[in-house]
Amino acid sequence: EKTISNLLHHNDYLNVFSSHSPNGISRLVQGQTIQKIWRRGKFIVFTLELGYLYFHLRMTGQLVISIKDQDYKYITAELVFSDKTSLYFKDYRKFGRIGYAQTLNFINQMVGVEPLGRRFTFPYLQKELKKRKRQIKPLLLDQSFICGLGNIYVDECLWLSCIHPQTLSNKLQIKNVPELYRSILTVLQEAIRLNGTTIINFKYGDNNRGNFKQFLNVYARAGLPCFRCSNKIEKVFIGQRGTYFCRVCQN
DNA sequence: AACGCGGCCTGGCTGC
DNA sequence: TGCAGCCAGGCCGCGT
């Protein structure tokens with residue numbers, strides 16, 4: 001059980017504080033005891049007695065309980081507890097976000113169905129894909145559609161289910177949809193089992209590297225042979241995101 | 001509704 | 001070897 005005594009900001013990266021000013025958030029959370037820590041989509045949420053303190057790590061954010069001196073410039077916030085311990089928000093790129101909200105409305109608006117939750121069934125996916133007319137890759141990246149998939153995992157899902165990333169969601173072939181559904185579950189479950197994907201500096205826990213990278217089938221394999229058909233994997237930009245795919249078997 | 005662009009940051013890699 | 005330029009796992013606000 002931890003009671004917050006203060007939220008300090010050590011650098012002047014105000015964009016990191018997305019809902020209020022740093023001092024504003026600090027005032028709102030001071031004296032509150034953390035009831036529960038949980039995840040929704042890519043947000044980590046601390047349920048307080050009154051309201052919610054939330055974090056988004058983006059690519060390089062970390063929540064750590066100890067820091068080294070040389071890390072100090074990357075510490076954008078420090079949550080100080082009444083027992084004199086601290087939780088640090090460390091982030092090389094300062095893309096991560098910290099915010100406070102009175103209710104969960106913000107999160108329910110921004111974050112769609114949990115792909116590993118009960119509501120995400122095959123008929124649900126099929127119906128939702130039909131409703132829209134968007135390129136499948138940007139759609140899968142849209143956190144309000146399905147939460148949790150990022151650029152790497154979307155490319156992997158589309159490769160596994162043999163779908164061209166620019167296929168319109170309502171034009172997917174009948175046989176591709178169950179394959180897509182299955183691939184979303186498989187990719188996420190495997191990635192979680194292997195603690196994620198470290199390309200450059202993603203870390204989990206206390207500085208560990210994720211091991212999913214060695215099982216990537218297309219991501220970052222431009223110019224290399226497709227594991228299914230040996231055609232060269234291509235890299236293109238779709239929705240301004242680097243996208244790897246096989247033109248021959250994903251069509 | 002859907003899409004494209006620019007911006008936010010820093011570190012690591014690539015190519016000259 | 002040194003260094004400029006490019007690129008990155010995410011997301012938002014704006015314009016069309």
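Throughout, a chain's letter reflects where its sequence line sits, starting with A, and its residues are numbered from 1.
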Separation between the P atoms of C:dC7 and B:dC5, rounded to whole Å: 14 Å

Looking for any heavy atom pair under 4.0 Å, which part of the strands does A:Lys235 touch: base, sugar-phosphate only, or nothing? sugar-phosphate

5'-most by nearest nucleotide on DNA chain B - A:Gln135 or A:Val16: A:Gln135

Any A:Lys73 side-chain N or O less than 4.0 Å from OP1/OP2 of B:dG11: yes

Side-chain N or O of A:Asn15 versus OP1/OP2 of B:dC9: is the shortest distance under 4.0 Å? yes

In this structure, is the centre-to-centre distance between the rings of A:Phe17 and A:Tyr100 below 6.0 Å? no

Salt bridge or not for A:Glu114 and A:Arg39, using N-O below 4.0 Å? yes

Strictly below 4.0 Å: does A:Lys213 bring a side-chain N or O up to OP1 or OP2 of C:dG9? no

Can you see if the side chain of A:Tyr13 gets near the phosphate of B:dT10 - specifically, an N or O under 4.0 Å from OP1 or OP2? yes

Is the phosphate of B:dA1 approached by A:Lys133 (side-chain N or O, under 4.0 Å from OP1 or OP2)? no

Counting only side-chain N and O atoms of A:Gln240, is one of them less than 4.0 Å from OP1 or OP2 of B:dG6? no

Pair A:Phe46 + A:Tyr54: ring centers closer than 6.0 Å: no

Report yes if a side-chain nitrogen or oxygen of A:Arg97 is closer than 4.0 Å to either non-bridging phosphate oxygen (OP1 or OP2) of C:dC12; otherwise report no. no

How would you label the contact of A:Arg134 with the nucleic acid (heavy atoms, under 4.0 Å): base, sugar-phosphate, or nothing? sugar-phosphate

Is the closest basic N to carboxylate O distance between A:Glu179 and A:Arg182 below 4.0 Å? no

Of the non-hydrogen atoms in A:Lys42 and A:Gly150, which two are nearest, and what is the gap between them? NZ-CA, 3.7 Å

Does a side-chain N or O from A:Tyr219 land closer than 4.0 Å to OP1 or OP2 of C:dG9, or not? yes

Each base of DNA chain C marked ( ) or [ ] if paired in-strand (Watson-Crick or G-U under 3.5 Å), | if paired to another strand and . if unpaired gives .|||||||.|||||||

Can you find a heavy atom in the side chain of A:Thr33 that is under 4.5 Å from one in the side chain of A:Gln35? yes

Please confirm whether the ring centroid of A:Phe120 lies under 6.0 Å from the ring centroid of A:Tyr181. yes

With a 4.0 Å cutoff (strictly under), does any side-chain N or O of A:His56 reach OP1 or OP2 of C:dG10? no

